[in-house]
Each structure stands twice: as C-alpha cells, then as structure tokens.
There are 2 protein chains.
Amino acid sequence: MGVTKRFIYTDGINEIANIAKVFAHPARVSILKYISEQEGCICNDLVDEIGLSQATISQHLSVIGNAGLLKGRFEGKKKCYCLNLERFKEFQILLNSFFIKTSSNCC
Amino acid sequence: MGVTKRFIYTDGINEIANIAKVFAHPARVSILKYISEQEGCICNDLVDEIGLSQATISQHLSVIGNAGLLKGRFEGKKKCYCLNLERFKEFQILLNSFFIKTSSNCC
DNA sequence: TTTTAACATCGTAATATTGCAATATTACAA
DNA sequence: TTGTAATATTGCAATATTACGATGTTAAAA
C-alpha cells in the first residue's frame, strides 16, 4: 500500500498528474515565478530569495528540471537557470485541454 | 523537517500549489474526467470504473470536494457527485494567469 | 424490524515528500 | 597547488500521502 497505482490509468491521465505535481509545492511555484521575473540569468539568489536551504532549493530545481521545464547552463561556477518556454507552454496547453474536456457538467 | 513551510510564501503562491495538488494524483484526475463525462448523475461507479477500493475513492473525493470542486447530493442511498463548474473555471483561470505571468524568459 | 446497498470514517501499513546538515564536486582565484 | 564560492548529492529525520480492511451510518427494500 501507499504507492500510487499508475498502471491503472491511461498515459494521458498520468501525464496531467505528473505536470500538476511540479506545481504542487509552493517552493517550486516560487522558483518558476522568480526565474521568469529575472531579466538576466539567475543562480542561487533563490536561496536568499525564498529562504530554504541550498540543498532544498537544489532538490526542487531538479524536480522542475526533470519535468523538462528548465534550461540551465554554467557560467563559470555559477549556474544560470532559465525557463524552457516551449515545454512550459506545452504544460499550459495540456492542462488547458484537460480543463476544456472536463468542463461539461453532469447535473 | 518534512513539513512544507507555507508561511514563507505569499497567499497567491500557496493557492496555486494547493490547486495543483488536487490534480497531482491520477485517481483524482480520473475522477474529475469521469464525472464530467457522465450525462446524468453518477455515484460510485467510480469504484468499478477506476479500480481502487471504495475507501480510497471516497478519500480522493473528499480531497476534490474540500477544494470546492464538487457538488454532491444524496438521492436515496446513492450520492450524486457533480462538478462545481464555477469553481472549476476559477481554477483554470488562476492556473492560466500563473502561466501567463510566468512566461517571460530570462535567457 | 431486519437486511442490505451505498457511502463515510477510522486505523494502520507502505511509501513518498520535504527539509537540512554534511559532504562531494567543480571551476575559478590566489 | 590551495583555497573558496557555487552548486549537487547523500543520508536521515519529520511529516504527508496513498491505499485498504474494518467498521460506522443512513435510507430504502424485504
């Protein structure tokens, strides 16, 4: 018990859930918001900005990154994280189409 | 440790995360999809349809319900669950405005 | 009244997530 | 080289989530 039974759902359903999971933590929402607000590249100002430890921020960044939402490149020892806009739009479209398909009412 | 530090984020950020959390499990995505596909009112066909125990489905329904996404009423011993369309649209709008505000690129 | 069907709730086991300190790792600076 | 700043990874403690059996609760059926 305790494990999500992913195999009983369609790929489409699982995909929506996986996308949502990225946004399901305020730290990750904050990170995305902050990154998109910066003109230039940002690094771990996120640690100061958000107020979680460096380890924790790095962990959240990897969750966001694994979802394909980040482009990161090193500039010397600093790392620049940027939004992968294409993927981000893809997420928006997928979520929206879920909303649209799911908006008929039964009662 | 282990607790999400909600107090360090703005209400807006927490709200997005809370909304996303509802969709962050495939069972809940399935339930919403299934409910919206039914013409009339549905009950716990969800148990047969999805293949989780009645207790588990009921639990997920209460998560969805607590988010304000369900209208439920009893018809005899059966309970009819319907989408609260207004709230659902609200979710869609909130998520979308997050996407829009967050779509500028830094690199 | 008793039974039964349709849910809800409780208790609990299994697993996942969150967060941080400590410890790598990496690349520049001295 | 050695030191150091920036980030990643590891290990672990605390808490949350997921799932289900067992047990309520309630309303119709028998």
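The chains referred to below are lettered A, B, ... by the order of the sequence lines, with proteins before strands, and numbering in each begins at 1. Keep in mind that this is a model prediction, so the values were computed, not measured. When reading the values below, keep in mind they use all heavy atoms of this one structure, side chains included, and skip hydrogens, waters and symmetry mates.
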According to a strict under-4.0 Å criterion, is Lys78(B) in side-chain N/O contact with OP1 or OP2 of dA28(D)? no
Within the 4.0 Å heavy-atom criterion, would you say Arg28(A) contacts the bases, only the backbone, or no part of the nucleic acid? sugar-phosphate
Check the distance between dT26(D)'s C1' and Arg73(B)'s CZ and give it to me in whole angstrom. 18 Å
Remember a base hit wins even if backbone is also touched, and classify Thr4(A) as base, sugar-phosphate or nothing at under 4.0 Å, heavy atoms. sugar-phosphate
Lys21(B), NZ atom: more than 12 neighbouring heavy atoms under 6.0 Å: yes
Separation of atom NE2 in His25(A) from atom P in dT15(D), rounded to whole Å: 14 Å
Could you tell me whether the side chain of Gln59(A) has a donor or acceptor atom within less than 3.5 Å of a complementary atom in the base of dA8(D)? no
Check the angle between the aromatic planes of Tyr9(B) and His25(A) and answer parallel, tilted or perpendicular using the 30° and 60° thresholds. perpendicular
Whole angstrom is fine here: how far is it from CG in Asp45(B) over to P in dC7(C)? 8 Å
Give a yes/no answer on whether the side chain of Lys5(B) brings an N or O atom under 4.0 Å of OP1 or OP2 in dC20(C). yes
Here the gap from Leu32(B) atom CG to Ile64(B) atom CD1, rounded to the nearest 0.5 Å, amounts to 4.5 Å
Return the nearest nucleotide to the side chain of Lys77(B); candidates are dA22(D), dT7(D), dA6(C). dA6(C)
Send over the distance from Lys21(B) NZ to dA16(D) C1', rounded to a whole Å. 8 Å
Measure from the side-chain heavy atoms of Ala55(A) and tell me the nearest of dT9(C), dC7(C), dT9(D). dT9(D)
In this structure, how many angstroms lie between the P atom of dA5(D) and the CG atom of Asp48(A), rounded? 14 Å
Between His60(A) and dG19(C), is there a side-chain N or O to OP1/OP2 distance below 4.0 Å? yes
Once rounded to the nearest 0.5 Å, what's the spacing between atom CZ of Arg28(B) and atom CD1 of Ile16(A)? 14.0 Å
First encountered from the 5' end of DNA chain C, between Val63(A) and Gly76(A): Val63(A)
Between dT15(D), dC20(D), dC20(C), spot the one nearest the side chain of Ser53(B), thanks. dC20(D)
Sequence neighbours excluded, which residues qualify as ring-ring contact (aromatic ring centres under 6.0 Å, His included) partners of Phe88(A)? Phe99(B)
What is the distance, rounded to the nearest whole Å, between atom CD1 of Ile64(A) and atom C1' of dT7(D)? 15 Å
Here the distance between atom C1' of dT17(C) and atom CG of Leu52(A), to the nearest Å, is 13 Å
Taken to the nearest whole Å, CD1/Ile50(B) to P/dA19(D) is 10 Å
Starting at the 5' end of DNA chain D and moving along, which residue's nearest nucleotide shows up first, Leu61(A) or Arg6(A)? Leu61(A)
Decide, yes or no, whether a salt bridge links Lys71(A) with Glu86(A) under the criterion of side-chain N to carboxylate O below 4.0 Å. yes
Taking only side-chain nitrogens and oxygens of Ser58(A), does any of them come within less than 4.0 Å of OP1 or OP2 of dA8(D)? yes
Under 3.5 Å donor-acceptor pair, Gln54(A) side-chain atoms to dA6(D) base atoms: no
Phosphate oxygens OP1/OP2 of dA8(D): is one of them under 4.0 Å from a side-chain N or O of Tyr81(A)? yes
Please tell me which of Phe74(A) and Thr56(A) maps to the more 5' nucleotide of DNA chain C, matching each residue to the nucleotide holding its nearest heavy atom. Thr56(A)
Would you classify Ile57(A) as touching base, sugar-phosphate or nothing, given that sugar-phosphate means primed atoms plus P, OP1 and OP2, and contacts are heavy atoms under 4.0 Å? nothing
